[in-house]
Number of protein chains: 2
Amino acid sequence: MSVLNTDRRVAVIKALAHPARLRIAEALASGERCVTELQALVGGDLSTVSKHLTLMREAGWVACEKHGQHVHYRLACDCLATFLHCIDSLAGDDSNCC
Amino acid sequence: MSVLNTDRRVAVIKALAHPARLRIAEALASGERCVTELQALVGGDLSTVSKHLTLMREAGWVACEKHGQHVHYRLACDCLATFLHCIDSLAGDDSNCC
DNA sequence: GCCAAGCTTGGTCATTTCGCCAAGTAATGA
DNA sequence: TCATTACTTGGCGAAATGACCAAGCTTGGC
């Protein structure tokens, strides 16, 4: 495995390694949302949310499409549930991993 | 899902969101290694590697056991392969996600 | 055309993370 | 016991990340 591939993998992982971005991903699992809706969910400045979404898009987690004034974001990958299940097997308070 | 759970999930994800730590995890997938061996693999100072391992242990990814002078680190979770497969479906150069 | 809503981009500052060095502990062998 | 190897911990400066503000672009309604 090359260093480049490692760095690419790291970029994908980092894109979810932030509370706001993880919450955004969880929200999008139940359907499309526009930026303002996601801001209402995670709080903070709209520009901050927009930048989080750009990062997630570059990593490949989400895709977006413009509808009039609104930009609809959605999950671009159906493996989020698998990913989270894997994380939760480690994150559980009861340490019942694997 | 509470904020606390989100933060715990983020801590688990962050523990692999670094090139050296990801490489360490990949290496441990093929068997136990002591700290010096992992240092040879990822480079940098031994203390840096040790701190990476502490972080990964607190997140639950690895466990360790002392054998004489050596400390053997191993994966504490068998879901790493699943995790990486999920990441690679996004990290591939060919964008063939999902 | 003009204004407001929705979003993105650039800039700056505060916070976090990272990596090395130095110092300390523990086990082994001479 | 003294030196060496293996590892951990604390500390500090450097680099990366995150959050807000301000400014700009685009779309839609009046």
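All chains are named by letter (A, B, ...) in the order of the sequence lines, taking the proteins before the strands, and each is independently numbered beginning at 1.
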- Looking only at heavy atoms, the pair that brings Ala25(A) and Leu75(A) closest together is O-CD2, 4.0 Å
- Quick one, which residues of residues 40-47 of chain B touch DNA chain D with a heavy atom under 4.0 Å? Leu46(B), Ser47(B)
- Query: If you pin His72(A) and Lys14(B) to their nearest nucleotides in DNA chain C, which one's is more 5'?
  - Reply: His72(A)
- Item | Residue closer to the 5' end of DNA chain C, Gln69(A) versus Thr48(A) (nearest nucleotide) | Gln69(A)
- Message: Just to be sure I understand the rule, does His52(B) reach a base, reach only the sugar-phosphate, or reach nothing, if contact means heavy atoms closer than 4.0 Å?
- Response: sugar-phosphate
- Task: Compare all side-chain heavy atoms of Tyr73(B) with those of Ile24(B) and state whether any distance is below 4.5 angstrom.
- Result: no
- According to a strict under-4.0 Å criterion, is Lys51(B) in side-chain N/O contact with OP1 or OP2 of dT17(C)? no
Table please: side-chain donor-acceptor pairs of residues 40-66 of chain B below 3.5 Å, with sequence neighbours left out.
residue	atom	partner	partner atom	Å
Asp45(B)	OD2	Ser47(B)	N	2.9
Asp45(B)	OD2	Ser47(B)	OG	2.7
His52(B)	ND1	Arg21(B)	NH1	3.1
Thr54(B)	OG1	Ser50(B)	O	3.1
Trp61(B)	NE1	Val12(B)	O	3.0

- Query: Shortest non-hydrogen contact from Glu26(B) to Thr6(A)?
  - Reply: OE1-OG1, 4.5 Å
- Message: For the CG atom of Leu22(A) and the CG atom of Asp7(B), what is their distance to the nearest 0.5 Å?
- Response: 9.5 Å
- Looking only at heavy atoms, the pair that brings Arg33(A) and Ala27(A) closest together is NH2-O, 3.9 Å
- Item | Bounds of contact between DNA chain D and chain A, in 5' to 3' order, using a heavy-atom cut-off under 4.0 Å | dT17(D) to dG28(D)
- Just by modelled atom types, is the Leu90(A) backbone N or O under 3.5 Å from a matching donor or acceptor in the Arg9(B) side chain? no
- Message: The test is side chain to side chain contact (heavy atoms under 4.5 Å, CB included); show your working for Cys77(A) and Ser89(B) and say whether it passes.
- Response: CA-CA 8 Å; Cys77(A) 175; Ser89(B) 73; 4.1 Å; yes
- Message: Using a heavy-atom cut-off of 4.0 Å across all strands, would you classify Lys66(A) as base, sugar-phosphate, or nothing?
- Response: sugar-phosphate
